[in-house]
Undergrad: 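My structure is below; once you've seen it, I'll send some questions.
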There are 2 protein chains.
Amino acid sequence: MANSASGDSVVDRVVRVIEAFPEGVTSLQLTELADRAGLPLSSAHRLVRQLSEHGLLDSGAGGTVRLGLRLWELVNRNSPTLALRQAAMPFMEDIQQVLNQNVNLAVLEGWEALFVERLSRRGSVANRARVAGRMPVHISSAGLALMSHQPREVQAEYLEQFQDPSGKVTAGVVRQLLADAAQQGYAQLAGVVDSDTWGIAVPVMNGKRRTVAALGVVVPLAEMRLQALVPALQTAARGIGRRLAE
Amino acid sequence: MANSASGDSVVDRVVRVIEAFPEGVTSLQLTELADRAGLPLSSAHRLVRQLSEHGLLDSGAGGTVRLGLRLWELVNRNSPTLALRQAAMPFMEDIQQVLNQNVNLAVLEGWEALFVERLSRRGSVANRARVAGRMPVHISSAGLALMSHQPREVQAEYLEQFQDPSGKVTAGVVRQLLADAAQQGYAQLAGVVDSDTWGIAVPVMNGKRRTVAALGVVVPLAEMRLQALVPALQTAARGIGRRLAE
DNA sequence: TGCCACCTTCCATTCAATGGTAGAACGTGT
DNA sequence: ACACGTTCTACCATTGAATGGAAGGTGGCA
């Protein structure tokens, strides 16, 4: 019993505390937090108090802990995706207006698509993508658009480790999906995420022709107007890319 | 020279590193970061490496440091404002459609209004409020709407410490603005933030009639349609409050 | 009232954190 | 091509900040 019996640094612990919140949960009891972070109660208590003093956490009465508003502020002010989102926003609004559909913007994080921005259209179909939410590469058009335009070695590594938990999809099938998407310049998935929706996405390239994001829409399965959607998305994607290059 | 010559804990330092990024800046050199955080270079280097390993920071080649995408993800997934924003979004979209103007949502943080969500209207007037941006209470309609509905003692404390850096506004003037806003049930400021825009905001109350947010619009100064705007905003604010109470 | 679950505080022990120093890797101007 | 300044990375002896068990509160519920 001394400086960390478990052999982890203070930084490790701070990270574990922040990571302890399950997706969508904003508030946790101290005991549960300690539990989830794998910390002794008294250590968790001390850490939470320290972080709260700085506003990274917000500990209310009775030991309830939330992420601090100050942390939210700092992260969103200096977000690594700030430039991307600012460049994309006007074009996403255009798409939303012109095509009258849900629009979303994703980046590749690990082997998943991480959605960084979304404009949803009231009355349109459900859009499963939440901002700051993730979707596996092989079951999201955004994921496929992103992966299909990654360098050869990245794709190889991805396919190498690929494994579908449900066992329905094989690496071979995904390879084909990626090949199609690469060849066509866009990715589409009909009825996969939701049985009555259709997702389509195109890559967004920066000045150096590196694919940095995917721009996509989710439309009702009935309205398959590829001819109208793809050119609009590609035009917008190019516009975003140009802004990023500036 | 030992465990912290400067007498601050590891947590203090982690916070200082995250806070070191100036508003809107997403990337910093290691040396500059160390400087801003007030840390010895070698300490900053070690901390950055540790935080990067966990994805809270993202250190690119050549010592450039950014906030990590993982941190952005965690904070936005479990954001303390998540419930508020989810409740407010549909109503904000309605306002945007019906009134055809910029809409924003703010909470009180310290003695400032912190904007947590915004829908901007292309072609409409400039909207100074950035998401995760701040405005002093006395020069934003959202700030006034929030403060004017705080408990008496909070308002007293605010007015007590009030001081306008430019010296143009006195505490007395602000007291009057707050009184007006409280009496009318909405706050307005014409040509203060921008000479040709007009801001108006109403309080959003939760189930316990505590004012938790302000809902506002920014419109061209020419279009002073109070009769149309205020009821629409108040209706939306009530709708948001009802959702929050659920 | 007594019980239980959870929060908060205390403090002796000890190892993780510290930061000066040295040198490697750039970049830049001559 | 060379020397110089700047910035990044690595090392390691020193030591006080971090640790966590135990004891004491607090509140809710039966």
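Below, read A as the first sequence line, B as the second, and so on, with proteins coming before strands; counting in each chain starts at 1. Note that this is a predicted model, so its numbers are computed, not measured.
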Undergrad: Could you label the plane-to-plane angle of the B:F162 and B:H138 rings as parallel, tilted or perpendicular, counting under 30° as parallel and over 60° as perpendicular?
TA: perpendicular
Undergrad: Does any donor atom in the side chain of B:T64 or B:S27 lie under 3.5 Å from an acceptor atom in the other side chain?
TA: no
Undergrad: Output a table of donor-acceptor pairs, distance under 3.5 Å, between side-chain atoms of residues 139-147 of chain B and any protein atom two or more places apart or on a different chain; print 'none' if there are none.
TA:
{"residue": "B:S140", "atom": "OG", "partner": "B:P136", "partner atom": "O", "Å": "3.1"}
{"residue": "B:S140", "atom": "OG", "partner": "B:G143", "partner atom": "N", "Å": "3.1"}
{"residue": "B:S141", "atom": "OG", "partner": "B:I200", "partner atom": "N", "Å": "3.4"}

Undergrad: Step by step, work out the side-chain contact (heavy atoms from CB on, under 4.5 Å) result for A:F91 and A:R243.
TA: CA-CA 10 Å; A:F91 294 97; A:R243 280 261 200 128; 4.1 Å; yes
Undergrad: Report the distance from atom CZ of B:R49 to atom P of D:dT7, rounded to the nearest whole Å.
TA: 21 Å
Undergrad: Is it the case that over 12 heavy atoms from other parts of the model lie below 6.0 angstrom from the CD atom of B:E160?
TA: no
Undergrad: If you only use heavy atoms from C-beta on, which nucleotide in C:dG19, C:dA17, D:dG20 is closest to the side chain of B:R13?
TA: C:dG19
Undergrad: For the pair made of CZ in B:R36 and C1' in D:dT7, what is the distance, rounded to whole Å?
TA: 17 Å
Undergrad: Let me know the distance between CG of A:D8 and P of C:dC15, rounded to the nearest Å.
TA: 15 Å
Undergrad: Check the distance between C:dA17's C1' and A:D12's CG and give it to me in whole angstrom.
TA: 13 Å
Undergrad: Tell me the interatomic distance from B:L39, atom CG, to C:dA17, atom P, rounded to whole angstroms.
TA: 14 Å
Undergrad: In whole angstrom, what separates A:R16's CZ from D:dT19's C1'?
TA: 14 Å
Undergrad: Name the residue closer to the 5' end of DNA chain C, choosing between A:V11 and A:Q29 according to the nucleotide with the nearest heavy atom.
TA: A:Q29
Undergrad: At a heavy-atom distance below 4.0 Å, what parts of residues 40-48 of chain B sit against DNA chain D?
TA: B:L41, B:S42, B:H45
Undergrad: Nearest whole Å is fine: how far is D:dT6 P from B:D35 CG?
TA: 14 Å
Undergrad: Just by distance, with hydrogens left out, do B:S79 and B:N76 show a side-chain donor and acceptor under 3.5 Å apart?
TA: no
